[in-house]
Number of protein chains: 2
Amino acid sequence: MIRIAVVDDKANNRKVITDKLSRNIFFAVAFQAVNGEDFLTQMRCLPEEDLPHIVLMDLEMPEVDGVSAIGTASSLYPNVKFVVLTIFDDDDKIFRAIRAGACGYLLKEESGEVINDMLMNLWESGAGPISPSIAYKILQMVQQPVTARPEKETGNIFQLSEREKEILQLLSQGLDYKEIGSKIFISPNTVKKHTINIYQKLHVNSKAQALRIAYTKGLI
Amino acid sequence: MIRIAVVDDKANNRKVITDKLSRNIFFAVAFQAVNGEDFLTQMRCLPEEDLPHIVLMDLEMPEVDGVSAIGTASSLYPNVKFVVLTIFDDDDKIFRAIRAGACGYLLKEESGEVINDMLMNLWESGAGPISPSIAYKILQMVQQPVTARPEKETGNIFQLSEREKEILQLLSQGLDYKEIGSKIFISPNTVKKHTINIYQKLHVNSKAQALRIAYTKGLI
DNA sequence: GATAAAATACTCCATACGGGTACTTTATTC
DNA sequence: GAATAAAGTACCCGTATGGAGTATTTTATC
């Protein structure tokens with residue numbers, strides 16, 4: 001039985017998706033969430049053996065958007081597969097979602113049959129499900145790799161400020177607030193404030209979790 | 001009427017492909033070639049109005065292989081779409097073919113129906129046809145752009161015990177002592193002691209520094 | 001000049017962490 | 001079978017950390 005979580009802010013969308021999934025007896029909806037924040041909270045409460053195998057994630061949501069939710073969760077739960085399921089297909093969203101850790105990108109216009117087939121194939125062979133038109137856009141990204149892609153879109157899926165990136169870098173070196181403060185000539189209190197702000201952007205609550213994301217997402 | 005050229009060194013392959021194409025009345029086989037050299041020569045002899053719209057190219061051919069033929073032809077004939085049609089799906093070939101200018105990459109195992117659909121879609125919407133498993137490999141190229149992953153087995157240079165390696169692994173996931181303790185059924189105090197012992201073996205004195213070593217030395 | 005975002009600095013409080021000591025278990029050696 | 005070393009277990013203490021605020025200054029943008 002494949003456990004699948006569905007994250008979408010529209011109740012109707014969730015219903016449509018879960019209905020499609022219910023046609024396949026191997027699929028079970030593990031839980032539903034209405035935004036990234038809600039999703040991450042629910043994930044934290046689940047014991048490991050109840051974690052979903054696959055997460056279907058919409059991108060356009062209030063509070064915490066899908067990209068940053070995938071960025072955090074794919075580092076914290078490396079065995080869970082994250083599949084974007086949305087109506088949008090613009091290059092920037094695709095790129096950022098993939099860099100955040102999505103293994104698939106499906107358009108909602110796909111039929112339930114196609115979605116089910118692709119998810120089953122993901123489970124059996126590990127191949128990420130990708131809608132054809134999305135696949136072509138990804139191909140084009142490979143074709144023009146360094147094409148003046150703004151740095152903020154590529155390396156910065158969490159929207160960290162320059163100061164925050166600097167402090168995350170120093171934290172990774174094992175310095176405490178006092179040491180960092182005297183190194184860059186600000187108060188330890190301010191360092192701490194920055195750190196808390198970083199945690200909020202990464203959706204974590206400890207140094208270890210923040211550093212895990214920083215290392216696995218190439219932030220440092 | 002969509003003119004399609006077929007390039008493959010095996011006569012039987014060419015026959016199978018052209019048979020599949022003939023099922024669609026909008027397709028016409030412009031010409032066939034047995035290798036890259038032959039293909040380029042025939043292209044040079046054609047007047048512009050007779051150039052194929054789409055070229056189906058095998059990669060494994062004598063004389064001039066598919067990749068370099070695509071590289072040359074995609075520059076000389078920018079309006080022609082080049083689609084790789086092969087049985088191989090290894091990362092290097094995919095990457096090189098795309099960089100050479102291929103707009104699609106199909107596996108021969110695809111059914112004639114699927115290939116026809118995808119070629120028709122290429123004609124109508126301009127979206128390159130890509131087999132799902134290929135699409136996933138391309139996605140991974142975007143995901144791990146600089147996969148400099150030398151990292152050979154870093155044997156146990158720090159002489160960590162099994163328990164210590166286990167705990168270091170759990171620490172890297174951002175779990176605190178209490179969570180680790182309940183996960184492996186020992187007291188949080190004991191987890192803490194193991195952690196301190198790990199610090200001594202790594203010659204560090206904080207979680208951040210220990211994780212830095214763990215990540216950069218490939219301990220986890 | 002108005003406004004928003006980022007950076008700065010501080011408080012209080014609960015708790016997780018790093019450093020230490022001490023006991024038990026397991027394995028090995030004589 | 002006793003001696004011993006290594007790993008594993010457990011607890012206490014002082015401090016750094018994380019959470020939730022409030023507030024002022026600087027910078028950027030329109």
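Residue numbering restarts at 1 for every chain, and letters A, B, ... go by the order of the sequence lines. Just so you know, these numbers use all the heavy atoms, side chains as well, and skip hydrogens, waters and symmetry mates.
At the heavy-atom level, B/K193 lies under 4.0 Å from base atoms of the strands shown. Among the heavy atoms of the strands lying under 4.0 Å from A/T190 is at least one base atom, whether or not backbone atoms are also near.
Around atom CD of A/E166, more than 12 heavy atoms belonging to other residues, nucleotides or ligands sit under 6.0 Å away.
Of the side-chain N and O atoms in B/H194, none sit less than 4.0 angstrom from OP1 or OP2 of D/dA7. Residue A/N189 has no polar side-chain atom (N or O) positioned under 4.0 Å from OP1 or OP2 of C/dA9. Taking only side-chain nitrogens and oxygens, A/Y177 never comes nearer than 4.0 Å to OP1 or OP2 of D/dA16. For C/dC17, the OP1/OP2 oxygens have no side-chain nitrogen or oxygen of B/T195 closer than 4.0 Å. Remark: B/K207 is in phosphate contact with C/dC17, judged by side-chain N or O atoms under 4.0 Å from OP1 or OP2. Residue A/S161 places at least one side-chain N or O under 4.0 Å from the OP1 or OP2 atom of C/dA7. OP1 or OP2 of D/dG18 has at least one side-chain nitrogen or oxygen of A/Y199 nearer than 4.0 Å. The side chain of B/R163 places no N or O atom within less than 4.0 Å of a non-bridging phosphate oxygen (OP1 or OP2) of D/dA6.
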Exercise. Please report the C-alpha distance between B/E110 and B/L85 in whole Å, then the side-chain angles of each, then the deciding distance to 0.1 Å, and finally whether the side-chain contact (heavy atoms from CB on, under 4.5 Å) criterion is met.
Key: CA-CA 10 Å; B/E110 300 289 347; B/L85 183 60; over 6 Å; no
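Although no hydrogens or angles enter the test, the distance criterion places a donor-acceptor pair under 3.5 Å between the side chain of B/S161 and the main chain of B/E164.
Remark: C1' of D/dA20 and CG of A/N197 are 12 Å apart, rounded to the nearest angstrom. Summarising the geometry, the separation between CD on A/E162 and P on C/dA5 is reported as 18 Å, rounded to the nearest angstrom. For the pair A/F185 CZ and C/dA9 C1', the computed distance is 18 Å after rounding to whole Å. In this structure, B/I198 atom CD1 and D/dT9 atom P are separated by 12 Å, rounded to whole Å. Taking atom CD1 of residue B/I186 and atom P of nucleotide C/dT25, one finds them 16 Å apart after rounding to whole Å. Atom CG of A/L171 is separated from atom C1' of C/dC17 by 15 Å (rounded to the nearest Å). Atoms NZ (A/K178) and P (C/dC10) sit 13 Å apart, rounded to a whole Å. Nucleotide C/dT15 holds its C1' atom 10 Å from the NZ atom of B/K192, rounded to whole Å.
For the salt bridge (charged side-chain N to carboxylate O under 4.0 Å, His left out) criterion with A/D8, the lone passing option out of A/R14, A/K108, A/K15 is A/K108.
From B/Y199, atom OH reaches atom CD1 of B/I213 across 11.0 Å, with rounding to the nearest 0.5 Å. Taking OG from A/S172 and CD from B/Q209, the interatomic distance works out to 10.0 Å, rounded to the nearest 0.5 Å. Separating the CG atom in A/L170 from the OH atom in A/Y177 is a distance of 12.5 Å, to the nearest 0.5 Å. Between atom CG of residue A/N24 and atom CG of residue A/L119 there is a gap of 9.0 Å, rounded to the nearest 0.5 Å.
The side chain of A/N205 lies closest to D/dG18 when the candidates are D/dA7, C/dA6, D/dG18.
An angle of 50°, rounded to 10°, separates the two end axes of the helix from C/dG1-D/dC30 to C/dC30-D/dG1, each defined over five pairs.
Both A/D176 and A/Q200 lie close to DNA chain D; mapped to their nearest nucleotides by heavy-atom distance, the more 5′-ward contact belongs to A/D176.
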